[in-house]
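Report on the structure given below.
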Amino acid sequence: MKLDKIEKSILDAESHRLKNEQAISTFLLSNGHAFKSLIRAQQERAWLDFQRAALGTEQSRLETSRHRRDELSTKLELRKLELNVARQKWEQGVIALENCKAELDRKKETERAVGLEILEQRRRICEDLEKIYPIDPIVGRTLAFSIRGIELPNTSYDGYDEELLGTALGYTAHLVYLLSFYLGVKLRYPVYPGGSHSYIEDPVSVFQGSRTFPLWVKGSVYYRFEYGVFLLNKSIEQLMNSQSLLVIDLRHTLPNLKCLLLSMESNG
């Protein structure tokens, strides 16, 4: 009996399963289009979600690009302002440079005029000094000159009147002193004019004793006198060098002074 009941239950279950399968098949066959639409809708919804995600990503990128664009635009505006300021400064610099050039040209012109005036004044002073201390050649003797009518030898002083020699050297020393003053030349060997008892100083050389040397013979040590004349000739050489003049022979005291005076008069 129990087996019959079990078998009957199995057969009923199998019958119900077949009926259910048949019902499901019938339902699917009758509603297949709806299921396809549902599947398609789900697929489209998934595609739409994907597109929305992609659109969000692109929008984020777009916002980043816009922000970068705004930053670059701000920097560009600042750079334009800096360039405008720099251009204004450059224009002001150009104007200032032109003004400086004009001022420099005016100063150069003034300097040139002053230079010409100085040369003219020096020429006049040299003419006056030559009138005060005229240096004239002695007729019939080569490179022999006198100052204020008193001959001054170039080399040997033997046989010459000591008083006249001291006077001639005093005139020469005073003329050298005045020329150094008016030419603006600081002599390496300062001259101290004092008539026939003028002297000259040597602050450069290293030696014992007094640094001043007489420009007169009488009562002086002769070698110190000769060295004093040498220093006087060196001072004349310094004055000539200041005027770009070449000294041929250092011993030619008055000829070199005459050359310097003539050069100054012609340059003026």
Side-chain angles (χ1 to χ4, degrees), residues 104-157 160 164-196 198-202 204 213 215-216 226-268:
L104 180 61
D105 291 338
R106 287 193 295 270
K107 289 184 177 181
K108 285 183 177 179
E109 183 62 27
T110 302
E111 182 180 358
R112 188 184 70 84
V114 171
L116 293 175
E117 182 63 24
I118 290 175
L119 289 176
E120 179 61 22
Q121 291 295 335
R122 285 178 176 175
R123 184 189 67 80
R124 294 172 184 171
I125 290 171
C126 287
E127 289 178 349
D128 293 339
L129 290 177
E130 196 167 18
K131 291 177 182 178
I132 298 172
Y133 292 109
I135 299 176
D136 300 314
I138 298 176
V139 180
R141 296 173 58 186
T142 305
L143 294 177
F145 285 79
S146 65
I147 181 168
R148 289 184 64 87
I150 302 176
E151 181 183 357
L152 179 61
N154 293 320
T155 54
S156 176
Y157 305 104
Y160 284 89
L164 292 178
L165 185 58
T167 302
L169 286 172
Y171 291 158
T172 304
H174 193 205
L175 181 57
V176 170
Y177 172 81
L178 293 175
L179 284 172
S180 68
F181 176 77
Y182 289 117
L183 293 179
V185 178
K186 185 177 181 179
L187 296 176
R188 287 186 289 269
Y189 307 107
V191 178
Y192 300 93
S196 60
S198 302
Y199 62 93
I200 191 167
E201 182 183 2
D202 182 4
V204 179
F213 297 87
L215 295 175
W216 69 90
E226 285 187 320
Y227 188 66
V229 174
F230 168 76
L231 295 180
L232 181 63
N233 289 332
K234 290 294 292 183
S235 296
I236 296 173
E237 180 185 38
Q238 183 182 353
L239 292 176
M240 294 183 68
N241 290 338
S242 71
Q243 304 303 310
S244 301
L245 297 175
L246 180 64
V247 176
I248 303 299
D249 192 334
L250 188 66
R251 299 171 298 175
H252 294 167
T253 306
L254 291 183
N256 289 335
L257 263 181
K258 183 69 173 180
C259 177
L260 175 61
L261 290 171
L262 291 176
S263 174
M264 294 299 300
E265 293 173 11
S266 62
N267 287 339

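Across all their heavy atoms, L254 and I147 have their closest contact at CD1-N, 3.9 Å. Here the closest heavy-atom approach between residue Y182 and residue L129 is recorded as CD1-CD1, 4.4 Å. In this structure, C259 and L245 approach most closely via the heavy-atom pair O-CD1, 4.4 Å. Nearest heavy atoms, F145 versus P255: CD1-CG, 3.6 Å. Residues I200 and G228 share a closest heavy-atom pair of CG2-O, 3.6 Å.
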* Start with the C-alpha gap between T172 and Y133, add the side-chain angles, then the distance that decides, and say whether side-chain contact (heavy atoms from CB on, under 4.5 Å) holds. => CA-CA 8 Å; T172 304; Y133 292 109; over 6 Å; no
* Asked: What do the steps show when you test E151 against Y160 for side-chain hydrogen bond (donor to acceptor under 3.5 Å, both in side chains), and what is the final call?
  -> CA-CA 9 Å; E151 181 183 357; Y160 284 89; 3.3 Å; yes
* To do: I would like to know whether D136 and S146 meet side-chain hydrogen bond (donor to acceptor under 3.5 Å, both in side chains); could you show each step before the answer?
  => CA-CA 5 Å; D136 300 314; S146 65; 4.9 Å; no
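Looking only at side-chain heavy atoms (C-beta outward), E109 and D105 stay at 4.5 Å or farther from each other.
The local environment of CZ in R124 is crowded, with over 12 non-hydrogen atoms from other residues, nucleotides or ligands closer than 6.0 Å. Around the CD atom of E111, the shell of radius 6.0 Å holds no more than 12 heavy atoms that belong to other residues, nucleotides or ligands. Heavy-atom neighbours of Y177 OH from other residues, nucleotides or ligands within 6.0 Å: at or below the threshold of 12.
Here CD of E117 is found 9.5 Å from CG of L119. Values are rounded to the nearest 0.5 Å. The CG atom of L261 sits 11.0 Å away from atom CG of N256, with the distance rounded to the nearest 0.5 Å. The distance from the CG atom of L178 to the CG atom of D128 is 11.0 Å, given to the nearest 0.5 Å. Once rounded to the nearest 0.5 Å, the distance linking CE of M264 with CG of L179 reads 8.0 Å.
In this structure, E120 pairs ionically with R123, as a charged nitrogen and a carboxylate oxygen lie closer than 4.0 Å.
A side-chain donor-acceptor contact under 3.5 Å links N154 to the backbone of L143.
Partners of H252 under the ring pair (Phe, Tyr, Trp, His ring centres under 6.0 Å) rule, at least two apart in sequence or in another chain, do not exist in this structure.
Between Y199 and Y192, the angle of the ring planes stays under 30°, which puts this pair in the parallel group of the 30/60° scheme.
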